[in-house]
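Counting convention: from 1, in listed order, for ligands and their atoms alike. Because only heavy atoms are used, hydrogens play no part in the values below, and waters and symmetry mates are left out as well, while side chains stay in.
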Amino acid sequence: MEIKFTKAAQLKEKPDFHCLGFGKYVTDYMFVMDYDEGQGWHDPQILPYDDFVMDPRCVTLHYGLETFEGLKAYRTEDNRILLFRPDMNAKRMQKSNERLCMAEIPEDMFVEAVKALVNVERDWIPDLPETSLYIRPVTYASECTIGVHPSSSFRFYIILSPVGCYYPEGVNPVKIFVEDEYVRAVIGGTGFCKCGGNYAASVKAQEKAEKLGYTQVLWLDGVHREYVEEVGTMNVMFKIDGKIVTPPLEGSVLAGITRDSILHILRDWGYEAEERRLSIHELMEAAKDGRLEEAWGTGTAAVISPIGELNYKGQITTISDFKTGPLTQKLYDYLTGIQWGKIADPYGWTVELN
Ligand SMILES: *Cc1c(COP(=O)(O)O)cnc(C)c1O
C-alpha cells in the first residue's frame, strides 16, 4: 500500500503525560482512506488531524452505519514500541462491517495503516507507568442519499490519543448497577459488532447508573432480563467456587480481545474457565453464600477492572470486601506486563514496530 504523507505546518505542544485522562488529547496526524464501488479502497493517506467536510445527507448521520475499533501502542522501558494483537482488531472490524453491509478492510491493509500512523506519531506514545497511545480506527458510510439501503461509499480513518487510566479511580474496584429496564443488544441484532449504534442504545442506562452513584451497568440479556451479558463496555468474568464463568459469544456479546487473552491465560494457569449462560439469580445466590470470590470486567481501555459492588433491584452485594481480588490483580499484572514488554510474551501477541 502506497500511503501519501502530508506534513503538518506546525506540530502541537505535547500535554503533560501525568494527567492524560482518557481521550482528551489527539495527536498531530490521522490516517484516511476512501472506498467507492467499482474502485475499492483508494487514496490512503496520512495527513494533519483536521475536520471532515460532510454532506448533511451522509447516511452515517441518519442511519448510524458506523463501526469502530480500539487498540493501544505501548512504549517499553527499553524504548521499543509494541502493539497488542492488531490482527484481531482487523478481523473484528471485518465482522462488524460485514453485518452492517459496509466494505471490509483487508487485514494486512488495516494493520499496515495502524503501524504507519503510529510510526509517524512515536513521540506521542507516553513513557509513564499505566500510559499508552490509544488507537481508534473507524469506518463510516459516506454515501449521500436520504433513502435507507446499503451504502456504496465509505471512509476508513484512524486517530490516536495518548491516554492514562480509563477510570479516574485507577485500577480499583467499581460499583456496578444491574440494569433490568434497558437492554444493549439481542441475538440477531448487532451486539457482537463494535458499532456506534450499540452505544447510542446504551448511554441512557449509563446516565441512570451514574445518577444512582454507580460507575457502570451490568447488562442482562434482552429477552429474559435474566442472563448476564457484559459490564458497561467490557466483557465480564466471575470467579465462583474457584472456577471462572463468563457469558458465551452467542451474538449479543462482543468478542473482546482482552476476554480471549484472559481466557487463554487462565486455562494455561490451570483454571477451569466456563463460557456459559449465567443468570443474575445464580450470581446473587453465589454472592449471598460467599461463593462469589471475585468479579472483573475486561477491555482494552481499562484492561481489567475489578467489580466491588453489585446492585440488583436494590439488593446490594459487596465482592472481595470491595478490594481488588488476588486473581484479578495477578491477571492485571501479567497481561499488562506482556503489553508493556516487562515480561516475556509466550503467546506471540505483541507486535513490535520497527
Ligand atoms: C470494545 C468492547 C469490549 C472489549 O473488547 P476488547 O477487544 O477487549 O477491547 C467489550 N464490550 C464492548 C461492548 C465493547 O465495545
Side-chain angles (χ1 to χ4, degrees), residues 22-23 64 66-74 83-97 99-100 107 110-111 114 132-139 161 163 165-167 174 176 179 182-187 189-206 209 215-222 227-237 246-266 273 275 295-305 307 328 331-332 334-336 338-339 347 349-351:
F22 196 89
E66 184 266 357
T67 61
F68 64 95
E69 272 303 324
L71 66 160
K72 285 172 169 176
Y74 307 83
L83 298 172
F84 187 73
R85 309 184 77 181
D87 56 306
M88 297 285 280
N89 296 94
K91 289 187 182 96
R92 188 169 61 192
M93 182 167 257
Q94 288 184 335
K95 280 194 192 143
S96 302
N97 288 13
R99 175 65 179 79
L100 271 67
E107 181 181 322
F110 178 103
V111 174
V114 167
S132 54
L133 185 69
Y134 188 74
I135 305 166
R136 168 53 59 86
V138 177
T139 317
S161 173
V163 297
C165 261
Y166 185 69
Y167 292 121
V174 290
I176 301 295
E179 178 55 54
Y182 302 114
V183 298
R184 190 191 82 91
V186 290
I187 292 175
T190 55
F192 68 93
C193 306
K194 223 170 165 68
C195 67
N198 292 340
Y199 282 73
S202 73
V203 287
K204 188 83 181 163
Q206 171 72 25
T215 305
Q216 278 290 359
V217 302
L218 184 70
W219 296 107
L220 299 179
D221 77 279
Y227 300 102
V228 170
E229 298 219 316
E230 298 204 50
V231 60
T233 60
M234 305 178 102
N235 295 111
V236 68
M237 296 185 185
T246 193
L249 304 176
E250 294 178 327
S252 53
V253 167
L254 191 99
I257 296 160
T258 319
R259 175 189 183 277
D260 181 78
S261 308
I262 292 290
L263 287 177
H264 263 280
I265 292 168
L266 283 168
E275 296 174 67
W296 64 86
T298 69
T300 297
V303 190
I304 293 211
S305 180
I307 298 172
T328 310
L331 286 166
Y332 179 84
Y334 187 67
L335 185 56
T336 57
I338 290 176
Q339 291 170 331
Y347 301 103
W349 285 338
T350 51
V351 174

Output block, N or O contacts of ligand 1, threshold 3.5 Å exclusive:
{"unit_1": "ligand 1", "atom_1": "7 (O)", "unit_2": "Arg92", "atom_2": "NH1", "d": "2.8"}
{"unit_1": "ligand 1", "atom_1": "7 (O)", "unit_2": "Arg92", "atom_2": "NH2", "d": "3.2"}
{"unit_1": "ligand 1", "atom_1": "7 (O)", "unit_2": "Ile257", "atom_2": "N", "d": "2.8"}
{"unit_1": "ligand 1", "atom_1": "8 (O)", "unit_2": "Ile257", "atom_2": "N", "d": "3.2"}
{"unit_1": "ligand 1", "atom_1": "8 (O)", "unit_2": "Thr258", "atom_2": "N", "d": "2.9"}
{"unit_1": "ligand 1", "atom_1": "8 (O)", "unit_2": "Thr258", "atom_2": "OG1", "d": "2.6"}
{"unit_1": "ligand 1", "atom_1": "9 (O)", "unit_2": "Thr300", "atom_2": "N", "d": "2.8"}
{"unit_1": "ligand 1", "atom_1": "9 (O)", "unit_2": "Thr300", "atom_2": "OG1", "d": "2.6"}
{"unit_1": "ligand 1", "atom_1": "11 (N)", "unit_2": "Glu230", "atom_2": "OE1", "d": "2.5"}
{"unit_1": "ligand 1", "atom_1": "11 (N)", "unit_2": "Thr233", "atom_2": "O", "d": "3.3"}
{"unit_1": "ligand 1", "atom_1": "15 (O)", "unit_2": "Lys194", "atom_2": "NZ", "d": "2.7"}
{"unit_1": "ligand 1", "atom_1": "15 (O)", "unit_2": "Tyr199", "atom_2": "OH", "d": "2.4"}

Checklist entry - Can you name the residues that form a ring pair (Phe, Tyr, Trp, His ring centres under 6.0 Å) with Tyr332, not counting sequence neighbours? => result none

Item to check | 4.5 Å side-chain heavy-atom contact, Lys204 and Glu179 | outcome: no

Checklist entry - Quick one: NZ on Lys72 to CD on Gln339, what's the gap to the nearest 0.5 Å? => result 7.0 Å

Checklist entry - So which of Val303, Leu331, Val236 actually passes side-chain contact (heavy atoms from CB on, under 4.5 Å) with Trp296? => result Leu331

Next on the checklist: Nearest 0.5 angstrom please: Arg136 CZ to Glu69 CD, how far?
Outcome noted: 8.5 Å

Item to check | Donor-acceptor pair, side chain of Asn235 and main chain of Thr258, under 3.5 angstrom | outcome: no

